There are 2 protein chains.
Amino acid sequence: MASAPMDMTIIQGDCIETMAGLPAKSVDLIFADPPYNLQLGGDLLRPEGSTVDAVDDAWDKFDSLGAYDQFTRAWLTEARRILKDDGGLWVIGSYHNIFRVGAALQDAGFWILNDIVWRKTNPMPNFKGTRFTNAHETLIWCAKSEKARYKFNYHAMKALNDDLQMRSDWSIPLCTGAEREKVNGRKAHPTQKPEELLYRVLLACSEPGDMVLDPFLGSGTTGAVAKRLGRRFIGIEREEAYIAVAERRIAASRQVEMDALEISRGRRAEARVPFGALLETGLITPGTPLMDLKRRWRAQVRADGSIALGKEAGSIHKIGARAQNAPSCNGWTFWHTETAGKLQPIDMLRERYRTEHLSA
Amino acid sequence: MASAPMDMTIIQGDCIETMAGLPAKSVDLIFADPPYNLQLGGDLLRPEGSTVDAVDDAWDKFDSLGAYDQFTRAWLTEARRILKDDGGLWVIGSYHNIFRVGAALQDAGFWILNDIVWRKTNPMPNFKGTRFTNAHETLIWCAKSEKARYKFNYHAMKALNDDLQMRSDWSIPLCTGAEREKVNGRKAHPTQKPEELLYRVLLACSEPGDMVLDPFLGSGTTGAVAKRLGRRFIGIEREEAYIAVAERRIAASRQVEMDALEISRGRRAEARVPFGALLETGLITPGTPLMDLKRRWRAQVRADGSIALGKEAGSIHKIGARAQNAPSCNGWTFWHTETAGKLQPIDMLRERYRTEHLSA
DNA sequence: ATCTTAGCTGAATCGTGCA
DNA sequence: TTGCACGATTCAGCTAAGA
């Protein structure tokens, strides 16, 4: 129950102006669900405030696309400014707008990491039978630049998917039933996103305590899931009516207990153990023979933690690579010791070292 | 240059120049598989040490995003000119290029009708564990303009999908095995598309006798399927080696009787539900204790869908097996939640997930 | 002949930390 | 900034060889 009210902020206002007031490099993750209906002339204002004015069809369409692009570039510019260098940006859209958004964020220097398909299990049919049932929406996940580092909880995603790598297509139902926010019995927001979708995004690309921003808050799904997962949150929304819904909803959301927020981390997060530490603690002794699983090569442990194979000596990794004539090798899993005729990877010894010497 | 029947033509040359020589409004359907501009780095190694056979061909290299955009605008301009007013344009791509292509074709006046996701049933994994498995490609289907009429064989698509409307996500395997064109035992083209994909496109958006154009012919999949379905065809390809493959392939393709259409793939088996989906939907919450029927073991659910038993964490199946010291375990029936003193297998929650979220 | 298993491969923007 | 050592990391389907 760590999340204090101060960690969950909703700001009423225009998303571009509001983001302009936030400090640079202060946000870990941005999830954006921008408007995509290009025909809503009233929704699309030129930066100087004038309304898009239709002249004839062709001109109007060009002008609408251009105005939408300008709007997209403007909010992406602010998003980029307030995003930390290792932060992530997610945008969701449909074929009406996602190609323009994707091109604009590439132009702005963002580096696409994946496009994700939200495959709706229960989409609305195409009633007229004139096209394919539009059964998905597209999300783009990107880092701040080509070389930028970014957060990705690979093992948590794998755990969430029954120990198979999480794919770029996600089958998730539409937000319906009890989860759908209602006002006077009618849906409170036309495009409320399912919490399952945001749960996956936030679990994949942020950690507890991170600052998450949603510049197009709407009914507040991102805020509700951020609170549930112990993330800090800022939501920006222009419409007072939506803010009322989101505030009520986020207030009702409950953070899960902190120790349940633990996720699978994988070996990269574990303390590094030099092979030599096994010798220093007597878990392995100089002179011990090492061999690969098929006993094709046989090396010998030396007192300084190097191993010798024929005339060559070096680290468990280097000699493993040399033996196979491979560019690299994980010596921990390649080399084995033999006990009573059974082979055991030296990684088991590293495991023992960690529990016996590093646990406390 | 031309292959057997007069209406199957392959032209060697640059696609823009060649299209410029074709008459205006002469083509019913264009299927384009342009270079993706992948921008790959160095070699990529699989975990076991082998190297991924990457697309490193010169034809996929562009100096900049701007150069790629210019190329895209140029071929789209010619495509637009030679397309009949009620013709259709399909383009396939990945996140590397598809957003630029989509924006460019909207700018050129094309009207997007659907974006289609080719969901690969057997994609290459992400070997380094750095991103989501890139498991799909995207196709854009558009008409010549907003008001243009276009061809769509709605009932053929519905029949192909067990009398359900064809959706915008198509599950189709990669082109492998006997279908994959080989030269000297090696793949003839790095990006050969599966015939199932083109079959669906051509069946949906053209009729027998229509003129189909593929400006980036490659190994000739579009031509082979066009012939099979009794469509006329023009393919354009720059590389002589690919033309040789495509000519041989198209020559071997046989037109089918139109009533002998390939049977549609049945609906997939009952959807697999990852344990993590229960968390995403709130059917179970992080921190919930799980126990076996005899309450001998007690584990705790974590936010990523793994469960923790003592110091160990992993999938419901793995931890169930570990607890009993068994080689395997069905976690769905082994683990239970407790409500008012009564134990209930988590399989009941999976059942609820299926009825509440996957039924429609 | 039939079953099992090892091996290979597919449009891929595929690492981190310290000296 | 660059260089180098450490050592993390894979799914489905087909094919050919072995049992």
Side-chain angles (χ1 to χ4, degrees), chain A residues 86 106 110-115 142-143 145-147 149-150 152 154-155 158 161-168 265-270 272-276 294 305-306 314-318 320-321 326-335 346-347 350, chain B residues 33-57 59-62 65 92-98 118 120-138 171 173-180 182 185-187 189-194 216 218-219:
Chain A
D86 66 346
Q106 286 181 307
F110 287 101
W111 190 250
I112 299 179
L113 299 165
N114 279 114
D115 59 335
C142 50
S145 69
E146 177 177 359
K147 304 296 181 192
R149 312 182 51 147
Y150 56 90
F152 180 54
Y154 172 75
H155 287 92
K158 197 171 170 179
N161 192 37
D162 282 355
D163 283 336
L164 288 179
Q165 285 192 340
M166 187 69 82
R167 299 168 38 117
S168 58
R265 285 284 171 199
R267 300 158 99 172
R268 271 199 190 110
E270 302 232 36
R272 200 179 70 85
V273 176
F275 182 65
K294 295 184 179 171
S306 65
S315 73
I316 53 172
H317 314 294
K318 191 181 290 181
S328 68
C329 167
N330 183 343
W332 292 108
T333 51
F334 180 74
W335 294 111
I346 57 176
D347 202 27
R350 179 170 64 164
Chain B
D33 182 7
Y36 289 7
N37 190 24
L38 285 186
Q39 303 177 249
L40 302 179
D43 279 356
L44 176 62
L45 296 181
R46 300 167 192 268
E48 95 282 359
S50 67
T51 305
V52 171
D53 184 11
V55 177
D56 55 359
D57 306 76
W59 49 255
D60 196 48
K61 299 201 190 316
F62 293 82
L65 286 177
I92 183 168
S94 66
Y95 66 83
H96 310 85
N97 71 323
I98 198 66
W118 168 26
K120 302 176 184 180
T121 59
N122 51 351
M124 188 163 73
N126 182 293
F127 295 115
K128 301 295 188 190
T130 55
R131 305 179 178 188
F132 298 96
T133 304
N134 189 9
H136 73 277
E137 293 186 22
T138 301
S171 292
L174 291 169
C175 179
T176 59
E179 187 186 327
R180 188 86 192 201
K182 301 269 169 48
R186 294 167 54 181
K187 58 184 175 189
H189 190 281
T191 70
Q192 182 179 343
K193 298 295 177 289
F216 307 95
S219 61

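A note on names: the letters A, B, ... follow the listed sequences, proteins ahead of strands, and every chain is numbered from 1. None of the values given here were measured: they were computed from a predicted structure.
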Between K193(B) and C175(B), is there a side-chain heavy-atom distance shorter than 4.5 Å? no
Rounded to whole Å, the CD1-P distance (I112(A) to dC14(C)) equals 14 Å
Determine, stepwise, if the pair L44(B) / K128(B) fulfils side-chain contact (heavy atoms from CB on, under 4.5 Å). CA-CA 9 Å; L44(B) 176 62; K128(B) 301 295 188 190; 3.8 Å; yes
Using atom C1' in both nucleotides, what's the gap between dG7(C) and dT10(D) to the nearest angstrom?
14 Å
inquiry  = Base, sugar-phosphate or nothing for P274(A)? Non-hydrogen atoms, less than 4.0 Å.
reply    = nothing
If we take the C1' atom in both dA11(C) and dT15(D), what is their distance in whole Å?
23 Å
Verify, without hydrogens or angle tests, whether H189(B) (side chain) and G218(B) (backbone) share a donor-acceptor contact under 3.5 angstrom. no
In whole angstroms, the gap separating P of dA12(C) from CD of Q165(A) amounts to 13 Å
### Query
For the base of dG10(C), is there a side-chain donor-acceptor partner from R46(B) under 3.5 Å away?
yes
To the nearest angstrom, the CG-P distance between D86(A) and dT16(C) comes to 11 Å
Does K120(B) make a cation-pi contact with W118(B), if we ask for NZ or CZ under 6.0 Å from the ring centre and within 45° of the axis?
yes
Carboxylate-amine/guanidinium contact K61(B) D56(B), below 4.0 Å
no
The nucleotide from dT13(C), dT16(C), dG10(C) with an atom nearest the side chain of R131(B) is dT13(C)
Can you give me every donor-acceptor pair (side chain of residues 36-43 of chain B, partner residue at least two apart or in another chain, under 3.5 Å) with its distance?
| residue | atom | partner | partner atom | Å |
| --- | --- | --- | --- | --- |
| Y36(B) | OH | E137(B) | OE1 | 2.6 |

Counting the atoms with a prime plus P, OP1 and OP2 as sugar-phosphate, which does D33(B) contact under 4.0 Å by heavy atoms, base, sugar-phosphate, or nothing?
base
When S328(A) and Y154(A) are each assigned the nearest nucleotide of DNA chain D, the 5'-most assignment goes to S328(A)
Review point. What is the nucleic acid contact for S315(A), judged by heavy atoms within less than 4.0 Å: base, sugar-phosphate only, or nothing?
Key: sugar-phosphate
Whole-Å distance, I98(B) CD1 to dA11(C) C1', equals 12 Å
Notebook entry, point to check: Hey, does C175(B) reach any base, or is it just sugar-phosphate, or nothing, if we go heavy atoms under 4.0 Å?
Noted result: nothing
5'-most to 3'-most nt of DNA chain D touching chain A (<4.0 Å, heavy-atom partner on protein side) reads dC6(D) to dA12(D)
When rounded to whole Å, the NZ to C1' distance for the pair K147(A) and dC14(C) reads 12 Å
**OP:** Find out whether Y95(B) and N134(B) are in side-chain contact, i.e. whether some heavy atom of one side chain is under 4.5 Å from a heavy atom of the other.
**Re:** yes
Note: for K294(A) and P125(B) on DNA chain C, the residue whose nearest nucleotide lies more 5' is K294(A)
In whole angstroms, the gap separating P of dT13(C) from NE2 of H96(B) amounts to 4 Å
By nearest-heavy-atom nucleotide on DNA chain D, the more 5' of R350(A) and D163(A) is R350(A)
Considering every strand and a 4.0 Å limit on heavy-atom distances, what is the contact class for D53(B): base, sugar-phosphate, or nothing? sugar-phosphate
query = Across the strands shown, which category fits S94(B) at heavy-atom distances under 4.0 angstrom: base, sugar-phosphate, nothing?
reply = nothing
Quiz prompt | Within-4.5 Å side-chain heavy-atom neighbours: K158(A) and L164(A) | solution = no
Regarding S94(B) and H96(B), is there a side-chain donor-to-acceptor distance under 3.5 Å anywhere? yes
Exercise. Got F275(A) and I346(A) here, is their nearest side-chain heavy-atom distance under 4.5 Å?
Worked result: yes
Decide yes or no, distance alone: a donor-acceptor N/O pair under 3.5 angstrom between the base of dT16(C) and the side-chain of R272(A).
no
Q. Mind checking whether H317(A) and S328(A) have side chains closer than 4.5 Å, heavy atoms only?
A. no
| task | Tell me what P34(B) touches on the nucleic acid: a base, only sugar-phosphate, or nothing, going by heavy atoms under 4.0 Å. | result | base
To the nearest angstrom, the CG-C1' distance between N126(B) and dG15(C) comes to 11 Å
**Asked** What does G185(B) touch in the nucleic acid at a heavy-atom separation under 4.0 angstrom: a base, only the sugar-phosphate, or nothing?
**Response** nothing
The nucleotide from dA12(C), dG10(C), dA11(C) with an atom nearest the side chain of V52(B) is dA12(C)
dT9(D) glycosidic conformation (syn if within 90° of 0, otherwise anti) is anti
Less than 4.0 angstrom between a side-chain N/O of K187(B) and OP1 or OP2 of dG10(C), yes or no? yes
(request) State whether the aromatic ring of W111(A) stacks on the base of dT13(C), taking stacking to mean ring centres under 5.5 Å apart and ring planes under 30° to each other. (result) yes
Side chain proximity check, Y150(A) to W111(A), heavy atoms < 4.5 angstrom: no
*asked:* What contact category does H155(A) fall into here, base, sugar-phosphate, or nothing, at under 4.0 angstrom with non-hydrogen atoms?
replied: sugar-phosphate
Dot-bracket assigned to DNA chain C with the 3.5 Å Watson-Crick/G-U criterion, [ ] for crossing and | for other-strand pairs, is .|||||||||....|||||
**Report entry** P spacing across the pair dT13(C) / dC6(D), given as an integer number of angstrom
**Finding:** 30 Å
Side-chain atoms of Q106(A) come closest, of dC14(C), dT13(C), dT16(C), to dT13(C)
Whole-Å distance, E137(B) CD to dT13(C) P, equals 10 Å
